[in-house]
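Sequence lines set the chain letters: A, B, ... in the order given, protein chains first and strands last, and positions in each chain run from 1.
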Number of protein chains: 2
Amino acid sequence: MTSCVDSHLNRTDKSADIKFLDKVFDLVKKYYVETSTGKSKVIDFKLPSEIKSEIDFTLYDKSTDESKLLELCEKVLSTSVRCTHPFFFNQLFGGTHPYSLAGEFLTTVANGSMFTYEIAPVYSIMEKEVCLKLASFLGWDDTDSILAPGGSMCNLYGLLCARHKAFPSVKTKGIRGLPNMVILTSEHSHYSIGKFAILMGIGTDNVVKVNCDEDGRMSPKDLRLKILKLKEDSSNPICVVSTMGTTVLGAIDPIGAIADVCMEFGIWHHVDGCLAGPAVMLPELADDVKGIESIDSFSWDAHKLWTVPLQCAAFLVNPKHKGIMLEANSMNARYLFQQDKQNYDPSLDTGDKSIQCGRHIDVLKLWIWWKGKGTDGVREDSQLCVKHARLLGKMVEEREGFEMVFRVQFIQICFFYIPPGLRSLERNEDFYAKLDTVAAYIKSEMVKKGDVMIGYQRSHHPRNINYWRMVVSNPAITKADLVKVLDEIEELGKRMFS
Amino acid sequence: MTSCVDSHLNRTDKSADIKFLDKVFDLVKKYYVETSTGKSKVIDFKLPSEIKSEIDFTLYDKSTDESKLLELCEKVLSTSVRCTHPFFFNQLFGGTHPYSLAGEFLTTVANGSMFTYEIAPVYSIMEKEVCLKLASFLGWDDTDSILAPGGSMCNLYGLLCARHKAFPSVKTKGIRGLPNMVILTSEHSHYSIGKFAILMGIGTDNVVKVNCDEDGRMSPKDLRLKILKLKEDSSNPICVVSTMGTTVLGAIDPIGAIADVCMEFGIWHHVDGCLAGPAVMLPELADDVKGIESIDSFSWDAHKLWTVPLQCAAFLVNPKHKGIMLEANSMNARYLFQQDKQNYDPSLDTGDKSIQCGRHIDVLKLWIWWKGKGTDGVREDSQLCVKHARLLGKMVEEREGFEMVFRVQFIQICFFYIPPGLRSLERNEDFYAKLDTVAAYIKSEMVKKGDVMIGYQRSHHPRNINYWRMVVSNPAITKADLVKVLDEIEELGKRMFS
C-alpha cells in the first residue's frame with residue numbers, strides 16, 4: 001500500500017473539506033443565477049470530439065489537484081445543457097426552485113437509503129405523508145405506495161400489481177404455465193409499457209393497442225371491443241394502461257369511461273399520470289379526470305411539471321388493494337428485514353415491497369418544496385403552465401406561417417412553421433416532403449446558436465411529417481418568452497426555400 | 001387563480017433565492033463536519049409518534065415561511081440516521097467525501113437527464129469513460145454499459161441480457177411459448193435475483209440454489225451437477241449468477257471455475273459484484289477474482305465501498321456481446337430517439353437500451369471523485385477497508401467473550417459476543433437460545449444510546465442464531481474506532497444473564 005492517504009480522510013480537521021465545498025457552492029450559485037435568470041445560453045453545442053478536447057475525461061492513477069478539479073467542474077457545467085433555463089422547451093421537465101434544490105442538497109450530505117425505518121425514520125414517515133397527500137387528489141383516503149426512480153418504473157409497479165392480482169401463482173411458477181396475458185393501452189401511450197411487456201416476459205405481441213380519437217385519447221368503445229375479442233380468443237387482459245398526458249400530444253384519456261369498462265370485466269386499470277398527474281388538482285381540468293377514484297393504480301412524476309429535480313416519481317395503489325405491492329414483490333430477505341427488532345413495528349420497513357434494495361431518498365426535495373409553496377402554490381405553478389400553453393396555442397393559430405398540428409390539451413403545443421417560400425405551394429407530396437425538413441433544419445441552427453431549445457417529431461402525424469412539440473413545463477415562463485421563441489423559429493427558418 | 005405568485009419565479013432578481021440557499025449550505029456544512037468528524041451521535045432514535053410530534057409533516061394549502069422551512073430542514077437532519085458517521089457500521093455503505101458530494105451538488109443544480117446525447121452531452125461521454133475504466137479492471141477493452149439506480153437494477157440488466165441471448169423471441173412472443181427457463185445462483189446470493197425471477201415472469205420456483213462451501217462460496221461442482229440435472233429434465237438454464245461479496249458473509253464465489261462451467265454449457269454468466277466489485281483492483285484479492293475476464297456481465301456499486309453517495313451503480317457487459325442491451329430492451333421510441341438529428345451520430349443516444357426513460361445523472365459524482373483521488377487513491381480506500389476488516393477479525397478472535405462466526409473474506413466481520421454469564425455454560429439448546437437474544441438486546445440499547453450502529457442477523461448460521469455483522473466500508477475508520485466498538489458491545493451486554 002502506498003503512504004499518500006487522502007487528506008480528506010482526516011477525522012479531526014475538516015477545514016480543507018469546507019474550503020473546497022465553499023468553492024463548489026460558489027459554482028452552484030453562479031450556475032443557478034445565470035440559468036434561472038436566462039442570462040446564459042441554453043446550450044453551447046459541441047460535438048463529442050470538441051468536448052473531449054476541452055475536458056480531459058481520462059481517469060489517471062494519480063490524483064488531480066483541487067484547483068484543477070474545480071476548473072473541471074466549471075467546464076462540465078458550461079458544457080451542460082441548461083435544462084433549468086426558461087428557454088429550454090425541449091423536454092417534459094423544466095425550471096428550478098431553491099426549496100427543492102435545498103431538499104436534494106440535504107439528502108446528498110445525509111446520504112441515507114430507504115430500505116428500513118431504522119435507517120430512514122424521518123424519510124419513511126415523510127414518504128408516506130407525501131403519498132397520502134397525492135392520493136387524496138385521486139379521492140383516496142389511504143394508499144399502498146412507493147417513490148421510484150422515474151415514472152417508467154412506476155408504470156412497471158402498476159403492471160406487476162395487475163399481473164399478480166390476475167395470477168398470483170406467477171410469483172412462484174412464472175408465466176409459462178399460465179393462460180396468455182395481454183396488456184391493453186393506447187397507440188399514444190408511453191413506450192415504457194412495451195419495454196415492460198418485454199421485461200415481464202409477456203412480450204410486445206401481447207400489448208394490444210387501442211384506437212384513439214383525433215386528439216390522441218383512447219377510445220373506450222374500441223377498448224371494450226378489443227377486450228371482447230381477446231376473451232373470445234381465450235386471452236386474458238390483465239391490465240389496461242390509460243394515460244393522463246400522453247408524451248407527444250398531452251392527451252388525457254377518458255379515465256372514467258375506461259374505468260367503467262375495466263370494472264365491467266374485472267381488469268386492473270393503471271393510469272400513467274406521469275405527465276399530467278397534477279391535472280387532478282386543477283379545477284380547469286376537472287372534467288378530463290372525472291372517475292379517477294375508480295382506477296386501481298397511478299404513476300405520478302413530481303420531477304416533470306413541478307420544479308423538483310429528477311428523480312422524483314410516485315406509484316400509488318387504490319386502498320382497496322392495500323398490501324398488494326408486498327404480496328407481489330416480497331422476498332422476505334431476513335438479513336435486512338428482521339422481524340425481531342425491538343424498538344419499532346417492522347411493518348414500517350417498506351423495502352420489501354420495492355424492486356430495488358438500496359433506494360435513494362427522493363422524498364425530501366418534494367416535501368420541503370411543497371411545504372414551502374403550500375398546496376395553493378403547487379397548484380398555481382401547474383395552472384401557469386397550462387395557461388401559457390393555451391396562450392401559445394392561440395398565438396400559433398393567429399400568427400402567419402404557423403399552423404397547429406394538434407390542439408393544446410395540456411402543456412404541449414404541436415405546430416408547423418411554414419417558411420414563406422412554401423406558403424403558396426399546393427399541399428401535395430412535394431410540399432410535405434419540403435415541410436418535413438423544416439423543423440430539423442431550424443433545430444440544428446437553433447442548437448448552434450444556443451439561445452433556445454425546442455423538440456420536434458413526426459409521431460402521430462397522419463403524413464409522418466416533422467413538427468414542433470414545444471413544452472411549457474416551467475412556471476417561470478412569461479408571455480414575452482413565448483413570443484420570442486416564435487420569433488426565433490421564424491428568424492431561423494424564413495429563408496428556407498427562398 | 002389566486003394572485004400570490006411564488007416570488008422565486010421572479011426572473012430578474014435572484015437575491016432571495018441565494019440568501020435562502022446560503023442558509024441551506026450552512027446546514028449542509030454543519031452536518032458534514034459534525035458527522036464526518038464523529039462529533040454527533042450516530043442516531044437519535046425516536047419512535048414514529050415522537051418524530052411526528054417534533055416535525056409537522058402535514059402539507060398545508062398555505063405556504064410555510066422560509067425561517068420555519070429552515071428550522072424544519074434542521075430538524076429533519078437531526079432526526080436522520082448519520083450514515084456517513086465513522087461509527088455507522090450498519091450497512092454496506094459508509095463514509096463521505098467532499099469530491100463526490102461536489103459532483104452531486106452540481107448534478108442537482110444542473111438537473112439534466114441521461115436519455116440523449118443532445119440533452120446530456122458531457123455526461124454521456126463521461127459515463128462511457130467511467131464504464132470503460134471499470135471494465136478495464138475486468139480485463140475488457142470495451143463494454144456495453146449503463147449506470148442504473150442501484151445494484152439490484154444492474155442485476156436485472158444482467159438477467160435480461162441472459163434471457164435475450166438464450167431466447168431472443170422473448171421480446172415479441174413472451175415467455176409462454178418458450179421452453180422452461182432457469183436461473184442458477186448460490187444460497188448466499190442477493191435476494192434481488194429472486195425478485196427479478198418474479199418480475200421477469202420466470203418465477204421463484206425456477207431459481208435453482210447452488211450449494212456453497214462453509215465460507216458461503218458457490219460450489220462449481222454442485223453447479224455443474226445441477227445444470228446436468230436441469231438439462232435431463234428439459235429445463236433451460238439461461239443464467240448463472242455468481243456473487244463477488246455476498247451480502248452477509250462477503251464471500252467471493254470462485255469466478256473462474258464457475259465461468260468454465262458456464263462456457264462448457266453456453267450459459268450466460270452474470271457476476272453480482274455490487275459489494276466486492278473493487279476487489280478486481282486489489283492485488284491482495286487477485287487470486288479470488290481470477291477468471292473474471294471470461295464472464296458475460298457484471299454489476300458494480302460505486303456507492304457501497306466507495307465514498308460516493310447513493311445512487312451510483314454500473315452494469316457492464318463483456319464486449320463480445322456488444323449491442324445486446326439495445327437488442328434486448330429497445331423500443332425505438334421515435335419521439336425521443338430521432339434518427340435524423342443533424343448535429344451528431346444518434347448512436348450516442350444511450351436511452352433506448354435503458355429500461356428507464358428519464359434517468360438521473362449518476363456519473364458526475366463518481367467521475368469527479370475518481371479524478372480527484374486518482375486510481376491509486378481509489379484503490380487505497382478499498383485496501384484500508386479490507387485491512388481494517390481483517391484487523392477487526394483478529395481482534396475478535398483474540399478478545400475474551402468474542403467469537404468469530406465466519407472468517408473475514410471481505411469487509412464484513414460476523415461474530416458473537418458472549419456475555420460472562422453465558423461463557424461457562426454447556427453449548428446446548430439452552431445456551432444457544434440465550435445467545436440468540438444477545439445481539440438484538442444490545443442493538444436495542446445501542447440504538448437508544450445512539451453512539452454506534454451495527455447490524456445483526458441469523459442468516460446462514462447453522463443453528464439460526466443472531467450474530468453481529470459489522471461492516472467496515474468507510475476508509476476513514478481507524479483501529480481505535482474498532483476497539484471502541486468492541487468495548488461498547490461488551491459494556492452494553494456484560495450484565496446480561498448475570
Q. Looking only at atom types and distance, does a side-chain atom of A/Thr108 sit under 3.5 Å from a main-chain N or O of B/Glu104, one as donor and one as acceptor?
A. no
Q) Checking heavy atoms, do the side chain of B/Ile355, its backbone, both or neither come under 4.5 Å from chain A? A) both
Q) Can you check whether A/Phe57's main-chain N or O pairs, donor with acceptor, with B/Trp367's side chain at less than 3.5 Å? A) yes
Q) Is there a donor-acceptor contact under 3.5 Å from the side chain of B/Thr172 to the main chain of A/Gly203? A) no
(Q) Donor-acceptor pair, distance only, cut-off 3.5 Å: does the side chain of A/Arg82 make one with the backbone of B/Ala110? (A) no
(Q) Taking NZ in A/Lys173 as the centre, count heavy atoms belonging to other residues, nucleotides or ligands within less than 6.0 Å. Is the count above 12? (A) no
**Q.** Residue part contacting chain A, namely of B/Phe93, when any heavy atom lies under 4.5 Å
**A.** side chain
Q: Select one option (side chain, backbone, both, neither) describing which atoms of A/Leu199 are under 4.5 Å from chain B's heavy atoms.
A: both
Q.
Do B/Asp6 and A/His97 pair up side chain to side chain, a donor and an acceptor below 3.5 Å, judged on atom types alone?
A. yes
Q: Sort B/Met200 into side chain, backbone, both or neither according to what part of it lies under 4.5 angstrom from a heavy atom of chain A.
A: both
Q | Main-chain N/O of A/Gly150 paired to B/Gln356 side chain as donor or acceptor, under 3.5 Å | A | no
Q: Please round to the nearest 0.5 Å and tell me the distance separating atom CD1 of A/Ile368 and atom SG of B/Cys73.
A: 3.5 Å
Q.
Could you check whether any side-chain heavy atom of A/Leu106 comes within less than 4.5 Å of a side-chain heavy atom of B/Val76, counting everything from C-beta outward?
A. no
Q: Find the one option among A/Val24, A/Asp17, A/Thr79, A/Leu27 whose heavy-atom pairs under 4.5 Å with chain B are most numerous.
A: A/Asp17
Q: Would you confirm whether B/Arg176, through its side chain, and A/Leu178, through its main-chain N or O, come within 3.5 Å as a donor-acceptor pair?
A: yes
Q.
Test of understanding: with ring-ring contact (aromatic ring centres under 6.0 Å, His included), list the residues that count as partners of B/Tyr32, not counting sequence neighbours.
A. none
(Q) Report which part of A/Leu310 has an atom under 4.5 Å of a heavy atom belonging to chain B: side chain, backbone, both, or neither. (A) both
Q: Ignoring hydrogens and angles, tell me if any N or O in the side chain of B/Lys133 forms a donor-acceptor pair with the backbone of A/Leu59 under 3.5 Å.
A: yes
Q: Please check if the side chain of A/Thr204 supplies one atom and the backbone of B/Lys171 the other of a donor-acceptor pair under 3.5 Å.
A: yes
Q. By a 4.5 Å heavy-atom criterion (distance strictly below it), what part of B/Asn10 contacts chain A: side chain, backbone, both, or neither?
A. neither
Q) Got B/His8 and A/Tyr99 here, is their nearest side-chain heavy-atom distance under 4.5 Å? A) yes
Q | Side chain / backbone / both / neither for A/Ser192 at chain B, heavy atoms under 4.5 Å | A | neither
Q: May I have the step-by-step check of side-chain contact (heavy atoms from CB on, under 4.5 Å) for B/Ser80 and A/Val122, ending in yes or no?
A: CA-CA 6 Å; B/Ser80 294; A/Val122 66; 3.9 Å; yes
Q.
If you apply the rule salt bridge (charged side-chain N to carboxylate O under 4.0 Å, His left out), what do you find for B/Lys52 with A/Glu129, and how did you get there?
A. CA-CA 11 Å; B/Lys52 284 180 185 169; A/Glu129 185 72 25; over 6 Å; no
Q: Using distance alone, with no hydrogens and no angle criterion, decide if B/Gln311 and A/Gln311 have a side-chain donor and acceptor under 3.5 Å apart.
A: yes
(Q) If the threshold is 4.0 Å, N to carboxylate O, is there a salt bridge linking B/Glu66 and A/Lys371? (A) no
Q | Whether B/Lys195 side chain and A/Asn329 backbone form a donor-acceptor pair below 3.5 Å | A | yes
